[in-house]
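For reference, the structure discussed in these notes is given below.
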Amino acid sequence: MAILNILNYPDKRLRNIASPVPVVDSRVRGIIYDMLETMYNSEGIGLAATQVNIQERIIVIDIYNSGGSDFITLINPEIIWKSSDVQIDSEGCLSVPGIYDKVERYSEIVCVAMDKDGNTMEYRADGLLARCIQHEIDHLNGKLFVEYLSSFKQDRIRSKYKKSKIKIVSSDTSVGR
Ligand code: QAP
Ligand code: CO
């Protein structure tokens with residue numbers, strides 16, 4: 001197992017569209033365990049492979065942050081049904097640390113995906129799990145939750161990240177002198 005590097009907004013690689021997993025084998029299970037360790041290490045409740053620069057349709061979710069006893073793995077997930085009603089609630093993202101804002105999502109969904117053993121599973125989800133599945137599938141399609149926010153807010157978030165990068169670079173050069 002290994003802790004993987006999480007890409008941060010506005011990294012262009014977060015816009016890549018992930019490819020379907022052809023077969024669930026030990027290679028894929030290795031990725032899943034690394035993703036779980038990475039998610040638990042940063043106290044996340046969901047992580048998509050895109051966020052760790054792996055362009056495959058793999059998601060791990062643990063909305064209880066149980067530390068490994070209660071996670072689900074979604075491989076090649078497809079939402080096959082969405083409720084007509086929506087719900088607005090606060091979201092965050094490990095790729096956009098420190099930023100939380102309200103996003104509209106379908107209240108209830110049905111999702112079909114393979115699990116880590118390659119079995120096809122059907123999940124009916126509402127509440128936080130439904131929200132998390134929609135958020136993570138967006139990642140596989142190159143979409144981030146901040147894209148649902150106003151362009152004014154997106155500009156502000158981008159400039160916040162630029163500022164923090166400049167800070168790191170300048171303190172780095174002063175250390176070297
Ligand atoms: C996606 O997000 C999600 O800013 C998962 O400093 C979130 O695990 C779906 C995190 C909310 C639905 C609702 C964010 C950790 C974790 C941060 C996460 C941070 C540290 C985010
Ligand atoms: Co995210």
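Every number for a ligand or one of its atoms is a count from 1 in the order of the listing. On a predicted model such as this, the values are computed, not experimentally measured, just so you know.
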**Asked** Below 4.0 angstrom, N of the basic side chain to O of the carboxylate: do E108 and K82 qualify?
**Response** no
**Asked** Taking a hydrophobic cluster as the set of Ile, Leu, Val, Met, Phe, Trp and Tyr residues connected by side-chain heavy atoms closer than 4.5 Å, whether directly or through intermediates, do I109 and Y123 fall within one such cluster?
**Response** yes
**Prompt:** Is the closest heavy atom of Y100 to ligand 1 under 4.0 Å?
**Reply:** yes
**Message:** Checking contacts here: is it the side chain or the backbone of M39 that comes within 4.0 Å of ligand 1, counting heavy atoms only? Could be both or neither.
**Reply:** neither
**Prompt:** Going by heavy atoms, is D89 under 4.0 Å from ligand 1?
**Reply:** no
**Message:** Less than 4.0 angstrom from a charged side-chain N to a carboxylate O is my criterion; do E147 and K153 meet it?
**Reply:** no
**Complete:** Among non-hydrogen protein atoms, atom 18 (C) of ligand 1 lies closest to I45 N, 3.9 Å
**Message:** Is the shortest side-chain heavy-atom distance between V52 and N5 below 4.5 Å?
**Reply:** no
**Ion pair R105/D85, N-O distance below 4.0 Å** = no
**Prompt:** What are the atoms of ligand 1, with element, lying closer than 4.0 Å to any heavy atom of G98?
**Reply:** 4 (O), 6 (O), 17 (C)
**Identity and distance of the protein heavy atom lying nearest atom 12 (C) of ligand 1** = R131 CG, 3.5 Å
**Request:** Using a strict 4.0 Å cut-off to heavy atoms of L128, name the atoms of ligand 1 that fall inside it.
**Result:** 12 (C), 13 (C)
**Item:** Close N or O approach (C132, ligand 1; < 3.5 Å)
**Value:** no
**Under 4.0 Å to a heavy atom of H135 - the qualifying atoms of ligand 1, by number** = 1 (C)
**Request:** Check the side chains of Y40 and D62 for a donor-acceptor pair under 3.5 angstrom, ignoring hydrogens and angles.
**Result:** yes
**Prompt:** In the protein, what heavy atom is nearest to atom 16 (C) of ligand 1, and what distance, to one decimal place, separates them?
**Reply:** L94 CD2, 3.5 Å
**Complete:** Near E136 (heavy-atom distance under 4.0 Å), the atoms of ligand 1 are 1 (C), 5 (C)
**Prompt:** Any idea which protein heavy atom is nearest atom 7 (C) of ligand 1, and the distance to it?
**Reply:** G92 O, 3.4 Å
**Request:** Start with the C-alpha distance between Y148 and D138, add both sets of side-chain angles, then the distance that settles side-chain hydrogen bond (donor to acceptor under 3.5 Å, both in side chains), and finish with yes or no.
**Result:** CA-CA 11 Å; Y148 294 103; D138 270 357; 2.7 Å; yes
**Asked** Are any of the N/O atoms in P97 less than 3.5 Å from those in ligand 1?
**Response** no
**Asked** Rounded to 10 degrees, what angle sits at the Co ion (ligand 2) between H139 NE2 and H135 NE2?
**Response** 100°
